[in-house]
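Note sheet for the following structure.
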Protein chains: 2
Amino acid sequence: MATPLRKTPSKSDRKREVILAAALELFSRSGVDGASLDRVAERADVSKTNLIYYYPSKDALYAAVLNNVLSLWLVPLEAIDRANSPQEAIATYIRQKITFSRDHADASRLFCFEILYGAPVLGGRLRDRLQPVMDEKAAVFAHWIASGQMAAVDPYQFLYSLWATTQHFADFASQIEALSRRTLDDPAFFEESVAHVTALFLARIRP
Amino acid sequence: MATPLRKTPSKSDRKREVILAAALELFSRSGVDGASLDRVAERADVSKTNLIYYYPSKDALYAAVLNNVLSLWLVPLEAIDRANSPQEAIATYIRQKITFSRDHADASRLFCFEILYGAPVLGGRLRDRLQPVMDEKAAVFAHWIASGQMAAVDPYQFLYSLWATTQHFADFASQIEALSRRTLDDPAFFEESVAHVTALFLARIRP
DNA sequence: ATGAAACTAGACCAGTTGGTCCGGTAATTG
DNA sequence: CAATTACCGGACCAACTGGTCTAGTTTCAT
């Protein structure tokens, strides 16, 4: 709340980040219940007491991590701009989301965990933070459709499908790896994936 | 293994099913670590000792549930038949998968959990059971493409996208509900969803 | 009927969990 | 300088976990 504004991150700020990173790492691999505070503290190289000093409870820590994740998650969506052509905007969005799946797979997985749990923590935030952005972007789609730049689609369903296909590369990476023995870290597979998903959605909106 | 073959399910068979159902319900809501054997036993209305009698450990129980889920999960995929047109086959597949997301959302979520965990239990099974079916269906796609019935796509990527979009309705139901305030149980939303996903994929494969 | 095998419950246990308490040190501020 | 505040670690704890042990009861083929 009333965190004093500083230019240089204070020592405690850095420590908070280290803890958050450790928590993200462990929570995203084992779920909240599967990861103990002991392990998080160990990973962050602080004592458990110290961890509890910064985040008074496991729930608080989990909520903090999740809010971070949600902010990250929103960035590409917010960038969708009606000034661009839908083709361009969607292609860019897909690339950004798949890049996110590659570079922040743990964040994506944690988000997925939370939704699977029934969004107990993020539920409200989805309505407060995501919903408005989503409605705004739905309006952008409506504009594009009305001006004949893209075929008519339900913007909400369209976004759901976009999220599903792009996040799948992070959340179901284990499955993809078991079946295709390939990872997004392989640049060829990364580009293939971007190309495939892009083609899928652009074919749909061709006017 | 050597379960005696009976026509009518024995009492113990029924009990096993009750336990499996309870375990699926709880595991799919809270993850394996989040659900205790006590709770599962309570839900299945048996004593914990009794539960342990049928499934000697939590891991064994989890594995049993998961194998059940995988079998269910495979059914629609196995039904894809080269004798049909790709348009028909894919439309049917999508409808079946979204139906599965509606009627077996818990199974879908548990599957998702397992993949998020890194597929520790199912990993081998994915290669043993899913991989062959997938390769077989990839060949069917190749046949359709070669015979000019559908546009060229990477069959594996295509299947990943199909899975992603259809399972999304189960796994991310909380999010969809928070944003759209609608459920697959609403027949109108169900049909909208089927129509949307079908249109998305059929547009892509139009020759 | 009877012996074996399947089945069941309650008491119990050792390990782990999230979290507290206490006692102290470093850094700020008056 | 004094004193308040922020920060930190180790011992500790009650609750819960997966799982065992014991001591029975039911089922069923012979």
Side-chain angles (χ1 to χ4, degrees), chain A residues 1-20 22-27 29-66 110 113-114 117 120-121, chain B residues 1-20 22-27 29-66 110 113-114 117 120-121:
Chain A
M1 308 289 116
T3 49
L5 296 169
R6 303 202 192 198
K7 36 202 82 171
T8 79
S10 71
K11 194 179 167 187
S12 79
D13 285 343
R14 263 180 285 124
K15 213 160 183 176
R16 276 197 149 77
E17 272 174 40
V18 172
I19 293 174
L20 281 183
L24 172 57
E25 200 179 320
L26 295 186
F27 287 169
R29 259 186 236 298
S30 328
V32 213
D33 298 299
S36 70
L37 289 182
D38 280 295
R39 301 278 299 271
V40 174
E42 186 188 345
R43 191 92 183 87
D45 205 36
V46 296
S47 71
K48 190 170 64 160
T49 316
N50 201 191
L51 191 163
I52 287 289
Y53 174 77
Y54 286 104
Y55 296 96
S57 74
K58 198 185 195 184
D59 285 346
L61 175 60
Y62 177 57
V65 180
L66 263 184
L110 187 69
F113 265 117
E114 164 71 5
Y117 290 139
V121 175
Chain B
M1 304 289 112
T3 47
L5 296 170
R6 305 203 189 195
K7 36 202 83 174
T8 77
S10 72
K11 194 178 167 188
S12 79
D13 285 342
R14 263 181 285 123
K15 213 159 185 177
R16 276 197 148 78
E17 273 173 40
V18 171
I19 292 174
L20 281 182
L24 172 57
E25 199 179 320
L26 295 186
F27 288 169
R29 260 187 234 299
S30 328
V32 212
D33 297 300
S36 70
L37 289 182
D38 280 295
R39 300 278 299 270
V40 174
E42 187 189 343
R43 191 92 183 88
D45 205 36
V46 297
S47 71
K48 190 170 64 161
T49 317
N50 201 191
L51 191 163
I52 288 288
Y53 174 77
Y54 287 104
Y55 297 95
S57 73
K58 198 186 194 182
D59 285 345
L61 175 59
Y62 177 57
V65 180
L66 220 44
L110 188 69
F113 264 116
E114 164 71 4
Y117 290 139
V121 174

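Labels below follow one simple rule: chain letters A, B, ... track the order of the sequence lines, proteins then strands, and each chain is numbered from 1.
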Practice prompt. Taking side chain to side chain contact (heavy atoms under 4.5 Å, CB included) as the test, write out the residues that go with B/Asp59, two or more places apart.
Written response: B/Ser57
Practice prompt. Give the rounded distance in Å between these two atoms: OH of B/Tyr55 and C1' of D/dT20.
Written response: 21 Å
Worksheet item: Excluding sequence neighbours, so at least two apart, what forms salt bridge (charged side-chain N to carboxylate O under 4.0 Å, His left out) with A/Arg43?
Response: A/Glu25
Worksheet item: C/dC7 P sits how many Å from B/Ile19 CD1, rounded?
Response: 11 Å
Item to complete: Please determine if a side-chain N or O atom of A/Lys15 lies less than 4.0 Å away from the OP1 or OP2 oxygen of D/dC8.
Response: yes
Worksheet item: Is B/Glu114 reaching over with its side chain to a backbone N or O of B/Leu66, donor-acceptor style, under 3.5 angstrom?
Response: no
Worksheet item: Within the structure, does a side-chain N or O atom of B/Tyr54 lie under 4.0 Å from either OP1 or OP2 of C/dT8?
Response: yes
Worksheet entry | Atom pair distance, as rounded to whole Å: CZ in B/Arg14 and P in C/dC7 | 12 Å
Worksheet item: Tell me: CG of B/Leu61 to P of D/dT17, nearest whole Å?
Response: 15 Å
Discussion item. On the nucleotide C/dC7, are OP1 or OP2 found under 4.0 Å from the side-chain N or O atoms that B/Tyr53 carries?
Written reply: yes
Worksheet item: Which word best sums up how the rings of A/Phe113 and B/Tyr117 line up, parallel for under 30°, tilted for 30 to 60°, or perpendicular for over 60°?
Response: tilted
Worksheet, complete the sentence: Closest non-hydrogen atoms of B/Leu20 and B/Ala64, given as atom of the first, atom of the second and distance, are CD2-CB, 3.9 Å
Practice prompt. Please report, rounded to the nearest Å, how far the P atom of D/dT17 is from the CG atom of B/Leu51.
Written response: 14 Å
Worksheet item: In whole angstrom, what separates B/Leu26's CG from D/dG18's C1'?
Response: 16 Å
Worksheet item: Which heavy atom in B/Asp33 sits nearest to a heavy atom in A/Gly34, and how many Å separate them?
Response: OD2-CA, 3.5 Å
Item to complete: Mark up nucleotides 10-19 of chain C, 5' to 3', with B wherever a protein heavy atom is under 4.0 angstrom from a base atom, S wherever such an atom reaches only the sugar-phosphate, and - elsewhere.
Response: B------SBB
